[in-house]
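Scroll down for the structure; my scribbles are underneath it.
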Amino acid sequence: MSEAASGSYVSGCLFCRIVSGEVPGEVLMRTEEVVAFRDINPQAPLHALVVPVRHIPDAASVAPGDADVLAGMLIAARQVAEDSGLASGGYRLVMNIGQDAGNTVDHLHLHVLAGRRLAWPPG
Ligand code: 5GP
Ligand code: ZN
């Protein structure tokens, strides 16, 4: 694990544990700052989660110093979508914040959904 990762590792956090490899995940890509892996309960033919290596609780906790990490997450999302071969029809990026949005894991994650027509507004 890199120093950046170990410096912010939260032992009770599922996604910190996937990033570190303690909990298995189907990793699609990894950089120094972000990891993308398949969602365990996919809602579309491609459903990946892009997370920062460094523990950030959610999108509402992002600070100006996190700008590079956020850009890295968007670039990783595009790469994952393009690599899947499902990006040509478009894809959706989602970050849930709090209970009403359905957030269940308190480690920032960007959902990448592609491969089917997605309804709008969301349920
Ligand atoms: P949220 O509801 O917080 O926006 O998204 C959390 C996502 O994490 C859900 O889509 C859920 O299916 C996924 N998830 C929960 N536990 C695991 C796990 O152990 N492994 C993986 N790969 N995804 C998980
Ligand atoms: Zn974490």
Side-chain angles (χ1 to χ4, degrees):
M1 204 189 310
S2 74
E3 198 180 317
S6 60
S8 74
Y9 177 84
V10 173
S11 60
C13 172
L14 174 63
F15 289 172
C16 279
R17 290 163 70 92
I18 289 177
V19 165
S20 74
E22 279 172 80
V23 169
E26 197 180 332
V27 173
L28 299 170
M29 66 157 291
R30 178 186 285 272
T31 70
E32 270 287 300
E33 293 199 308
V34 307
V35 178
F37 52 90
R38 284 193 199 280
D39 195 293
I40 205 168
N41 182 23
Q43 301 301 312
L46 172 67
H47 186 175
L49 301 171
V50 180
V51 307
V53 167
R54 182 162 53 80
H55 182 91
I56 298 172
D58 64 16
S61 311
V62 165
D66 299 324
D68 285 354
V69 176
L70 267 290
M73 289 174 71
L74 290 174
I75 291 164
R78 181 183 69 208
Q79 187 179 324
V80 163
E82 287 179 351
D83 288 353
S84 76
L86 297 169
S88 61
Y91 55 96
R92 183 170 294 169
L93 304 180
V94 176
M95 283 181 182
N96 293 319
I97 300 167
Q99 224 171 9
D100 280 356
N103 190 42
T104 57
V105 179
D106 293 331
H107 180 130
L108 177 62
H109 49 283
L110 179 62
H111 294 260
V112 185
L113 297 145
R116 69 172 174 86
R117 182 61 70 98
L118 299 163
W120 192 264

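The chain is numbered in sequence order, starting from 1.
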Transitive ILVMFWY side-chain link L70 to V112, under 4.5 Å: yes
S61 versus D66, closest heavy-atom pair with distance: O-OD2, 4.2 Å
Return the CD to CG distance between E82 and L46, rounded to the nearest 0.5 Å. 12.0 Å
Go through the structure and list residues passing salt bridge (Lys or Arg N to Asp or Glu O under 4.0 Å) with R38, not counting sequence neighbours. E26
Which pair of heavy atoms, one from I18 and one from P24, lies closest together, and at what distance? CG1-O, 4.3 Å
Has the side chain of H107 got a donor or acceptor atom that lies under 3.5 Å from a matching backbone atom of P52? yes
I need the minimum non-hydrogen distance between S20 and E22, along with the two atoms involved. OG-OE2, 3.0 Å
In this structure, would L110 and V27 fall into the same cluster of hydrophobic residues linked by side-chain contacts under 4.5 Å? no
Can you find a heavy atom in the side chain of M95 that is under 4.5 Å from one in the side chain of L108? yes
Between A36 and V80, which heavy-atom pair has the shortest distance, and what is it? CB-CG2, 3.6 Å
Honestly curious: do F15 and V35 fall in one hydrophobic cluster under the side-chain, below-4.5 Å linking rule? yes
same_hphob_cluster(I56, L49) at 4.5 Å side-chain heavy-atom cutoff: no
V34 to M73 - nearest heavy-atom pair and separation: CG1-CG, 3.7 Å
Could you tell me whether the side chain of V51 reaches within less than 4.5 Å of the side chain of F37, counting heavy atoms only? yes
Would a hydrophobic clustering, with Ile, Leu, Val, Met, Phe, Trp and Tyr connected at side-chain separations under 4.5 Å, put L93 with V62? yes
Taking the inter-plane angle between the rings of H111 and H47 on a 0 to 90° scale, is it parallel (under 30°), tilted (30 to 60°) or perpendicular (over 60°)? tilted
Approximate separation, where rounding is to 0.5 Å, of D58 CG and I97 CD1: 5.5 Å
How long is the gap from OH on Y91 to CZ on R78, to the nearest 0.5 Å? 7.0 Å
Can you measure from CD (E33) to CD1 (I75) and round to the nearest 0.5 angstrom? 10.0 Å
Please output the side-chain donor-acceptor pairs of residues 113-123 that fall under 3.5 Å, not counting sequence neighbours, one pair per line with the distance.
from: R116; atom 1: NE; to: Q43; atom 2: O; distance (Å): 2.9
from: R116; atom 1: NH2; to: Q43; atom 2: O; distance (Å): 2.8

Can you name the nearest heavy-atom pair linking D106 to H55, along with the distance? O-CE1, 3.1 Å
To the closest 0.5 Å, what do you measure between CE (M29) and CG (D83)? 8.0 Å
Could you work out, with side chain to side chain donor-acceptor pair (under 3.5 Å) as the rule, every residue matching T31, not counting sequence neighbours? none
